[in-house]
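Order of the sequence lines fixes the chain letters, A, B, ..., with proteins taken first and strands second; residue numbering starts at 1 for each chain.
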Amino acid sequence: MDILATLNPAQRQAVETVEGPLLILAGPGSGKTRVIAHRIAYLIKVCGVSPSHIMAVTFTNKAARAMTERLEQLLGQAVEALTSGTFHAICARVLRREGKAAGLDSSFVIYDDEDQLNVIKQTLQELNLDPKQYAPRALQSAISAAKSRLISPKDYVRGVDSYFEEIVHRVYQRYQQLLSQGQAVDFDDLLMKAVQLFQDHPEVLSKYQSRYVHVLVDEFQDTNIVQYSLMKQLAGKYHNICVVGDPDQSIYSWRFADLRNILSFEKDYPDVKVVLLEQNYRSTKTILETASDIISANTRRKPKNLWTENETGSKVSIIESYNEEEEAQFVVNKIEGLISQEQMSLRDCAVMYRVNAQSRALEESFIRYGVPYKLVGGTRFYQRREVKDVIAYLRLIHNPQDNVSLPRIINIPKRGIGQTTLSQLQTWARTYDIPLYDALKQAVEGNVLSPRVTQTLAGFTVLVDRLISQSHALPLSGLLDEILEHTGYGKYILEGEQGEERWENIMELKNVAREYDGLNPEEALADFLEKVSLVADVDELEEKADAVTLITLHQSKGLEFPVVFIAGLEEGILPHRRSFGDPGEMEEERRLCYVGVTRAQKQVYLLRSYRRNLFGAGSANPPSRFLQDISPHLISTKGLWEEKAAPLAEVYGQPLTYPLSTLELKVGDYVRHSKFGDGIVTNCLAGRGDHEITVAFEEAGVKKLLLSLAPLEKIERDYDFPP
DNA sequence: CGAAAGGCTCTTTTT
DNA sequence: GAGCCTTTCG
């Protein structure tokens, strides 16, 4: 098969330019993945480059897999020697192999978000700082920001410019000590330590530089400064560096992705060639135009000229609903219609939203109507309490110095080791600057605690030590069984709330573990722990199952669906209210919307709800400003904008009305509520089919009520409230 | 030590 | 609403 035959001229240029730095600016649906796969195939087949000399970095493991599959299809054979994966996965591999040079044991564990937060809380405690005053989250973010810019605790102190930064410095310093003492790294460390390793050990770097003759980086717009440095280091010898990205799809600046990397790239490699991929193969003309309308309102961007030979297609629907339930109901009804009337299948449809909390109403509706769906994200599998507990046991066995895993499970199930004892042990550990587990053992041996506590602790160490020795002999799934049985954890879960569901999750984890049973036990455990640390939700997304996909806009990047629903196009949701004060963030919200729309091949439904309950509190949000930027000729539904909403029957295709109370109320009227007593109406908010009224009750205070639901009657009073 | 209750805050996105 | 934390009581 001719690798170049099916490519358009721009794509072909991107594939054939194999020497020197190359920047590919690829619009959505422009065949980016295809170009990458073809480029690698071209390198291997036409240029005779060995796959082992190529590194391809992707944003998710799933993208890496997709790319490899495509490549193998093209070549008609497996390509095992190719290095591919996320920056994090690749760095983890490098550090396992070379970490010794940087003082990192090869059995290091990788801490996730929650683990990090635990370490920070512990640090605050040690430093006598009040977590209310210094939010652990904020500190975590500050530390991550520093690491993303390659700033070590030592470097950080030089830039300290405020009291908060002073605190950050102190926390950062101790945090890092605790991590290295426990032979642990966090996500940012994976990248930063790799860069430092290469910096400090030129001989190691040179080995990798010689190996990787060609380096490719996908989703370049979402790389941060560390990743950029790493990429530059690796490509330092041959300069055959190809980066692919789309500034308009940059949606991870909150994770310190830095769009300036694109500018730096052009500056650092003056001989760079730039290829624009502007022909879209994914979407209809209407969808592409809609997307362009939305993104064009961003001022800090380079205009692009996206075009497509695809058909015009149907118009984009803007659907207004009364509340999120109605919104969800519309989605489900519509999908049922698409399936019965337009030969769509469930897997063709995706519902996207800004925040995970929005999935709830949607899920309820899907369940009620019995429509299969798959939820990406939410409470993620590897974040579930029971899964993390079991992993914590495994981590502790693998690395008893793990200062986060030990406190996590030391008293789960309950074995009489409470907060008091734990604190004592932690103080001990800090005093002698030793890992917690060592402190525990010393405390037992030295007999410094009460006999009862000592005995309990001794029992625990025997348990752990036995598991450790078993871990050298048993296959991984067998080790897992041992843990469940001998720690009592299995029983504890089964007898607890939602026991069966939680047990199922553990069995699911065991299924994953079983895949490692063939390896030697040490390696199996290490590989398994690494795998569970570095999986993303999208990685697990099953394409085969016929079900509707529920997914956040962020996670939808890189995917495509014939039909896309975007829920919650309201001020405060999309754009999110946190972006209101910052034009830069607002532009990112817009890009997020753009990413969502450009996922669609055939049809787009933009949903907007008049009322929305999110996080317990209800609110009435105006329609999203992004809707305003879409040219009227692209939209099918008219009039929504001018408050005279389309009647429900029209939206649903079937009559559906809200019970409109016959009670006529206006501001100043007195009412009696069966529970709250008497009060006065202070505000009326008219909705479609219902009214939200605000009542100041004499006793119960100010309440917001829905007229249709509230047990209210109008009363006559000729006097004012008592003073 | 542990269970239960109450209060509090925080609600974005995730490798 | 939920999850986290603190307080209280047995």
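Between A/Asn224 and B/dT15 there is no side-chain N or O to OP1 or OP2 distance below 4.0 Å. Taking side-chain N and O atoms only, A/Gln555 has a distance below 4.0 Å to OP1 or OP2 of B/dT14. Between A/Asn61 and B/dT15 there is no side-chain N or O to OP1 or OP2 distance below 4.0 Å. Note on A/Thr60: every side-chain N or O is 4.0 Å or more away from OP1 and OP2 of B/dT15. For B/dT14, neither phosphate oxygen OP1 nor OP2 lies less than 4.0 angstrom from any side-chain nitrogen or oxygen of A/Lys557.
A/Ser106 is linked by a side-chain contact (heavy atoms from CB on, under 4.5 Å) to A/Lys100, counting only residues two or more places apart in sequence or in another chain. A/Glu324 meets the salt bridge (charged side-chain N to carboxylate O under 4.0 Å, His left out) test with no other residue; sequence neighbours excluded. Residues satisfying the side-chain contact (heavy atoms from CB on, under 4.5 Å) criterion with A/Ala102, sequence neighbours excluded, are A/Leu197. For A/Tyr516, the ring-ring contact (aromatic ring centres under 6.0 Å, His included) criterion is met by A/Phe528, not counting sequence neighbours. Under the salt bridge (charged side-chain N to carboxylate O under 4.0 Å, His left out) criterion, A/Arg415 pairs with no residue at all, not counting sequence neighbours. Residues passing the ring-ring contact (aromatic ring centres under 6.0 Å, His included) test with A/Phe256: none are found, sequence neighbours excluded. When the salt bridge (charged side-chain N to carboxylate O under 4.0 Å, His left out) test is applied to A/Glu114, the partners found at least two apart in sequence or on another chain are A/Lys388, A/Arg408. By the side-chain contact (heavy atoms from CB on, under 4.5 Å) test, A/Ser229 pairs with A/Leu150, A/Val195, A/Ile225, sequence neighbours left out. For A/Asp130, the side-chain contact (heavy atoms from CB on, under 4.5 Å) partners at least two apart in sequence or on another chain are A/Lys132, A/Gln133.
Ranking B/dG2, C/dC4, B/dT14 by closeness to the A/Asn411 side chain, first place goes to B/dG2. Nearest to the side chain of A/Phe187, among C/dC5, B/dT15, B/dT14, sits B/dT15. Among B/dT15, B/dC1, B/dT13, the nucleotide with an atom closest to any side-chain atom of A/His554 is B/dT13.
Rounding to whole angstrom units, CD1 of residue A/Ile110 and P of B/dT15 are separated by 13 Å. Regarding A/Leu190, its CG atom lies at a distance of 19 Å from the P atom of B/dT14, rounded to whole Å. A straight line from CG of A/Asn118 to P of C/dC5 spans 8 Å, rounded to a whole angstrom. Across the protein-nucleic acid pair, A/Glu588 atom CD and B/dT13 atom C1' stand 9 Å apart, rounded to whole Å. In this structure, the CE atom of A/Met586 is 17 Å from the P atom of B/dT13, given to the nearest Å.
For the residue pair A/Val226 and A/Lys147, the shortest heavy atom distance occurs at CG2-O, 3.1 Å. Of all the heavy atoms in A/Cys91 and A/Leu230, the pair that sits closest is SG-CD2, 3.3 Å.
Using a 4.0 Å heavy-atom cutoff across all strands shown, A/Ser579 reaches no nucleic acid atom at all.
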Atom pairs, N/O to N/O, protein against nucleotides 3-7 of chain B, distance under 3.5 Å?
residue: B/dA3; atom: OP2; partner: A/Lys414; partner atom: NZ; Å: 3.4

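For A/Ile417 and A/Glu589, each mapped to the nucleotide of DNA chain B holding its nearest heavy atom, the one lying further toward the 5' end belongs to A/Ile417. In terms of position along DNA chain B, the nucleotide closest to A/Arg578 lies nearer the 5' end than the nucleotide closest to the other residue of the pair A/Arg578 and A/Arg255.
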Dot-bracket, 5' to 3', for DNA chain B please: Watson-Crick or G-U pairs under 3.5 Å, [ ] where pairs cross earlier ones, | where the partner sits on another strand, dots elsewhere. ||||||||||.....
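Between A/Trp254 and B/dT13, a base-stacking contact is recorded: ring centres under 5.5 Å apart, planes less than 30° from parallel.
For A/Gln140 and A/Asp113, the side-chain atoms include at least one donor-acceptor pair closer than 3.5 Å.
For the contact set between residues 85-96 of chain A and DNA chain B, defined by any heavy atom under 4.0 Å, the members are A/Thr86, A/His88.
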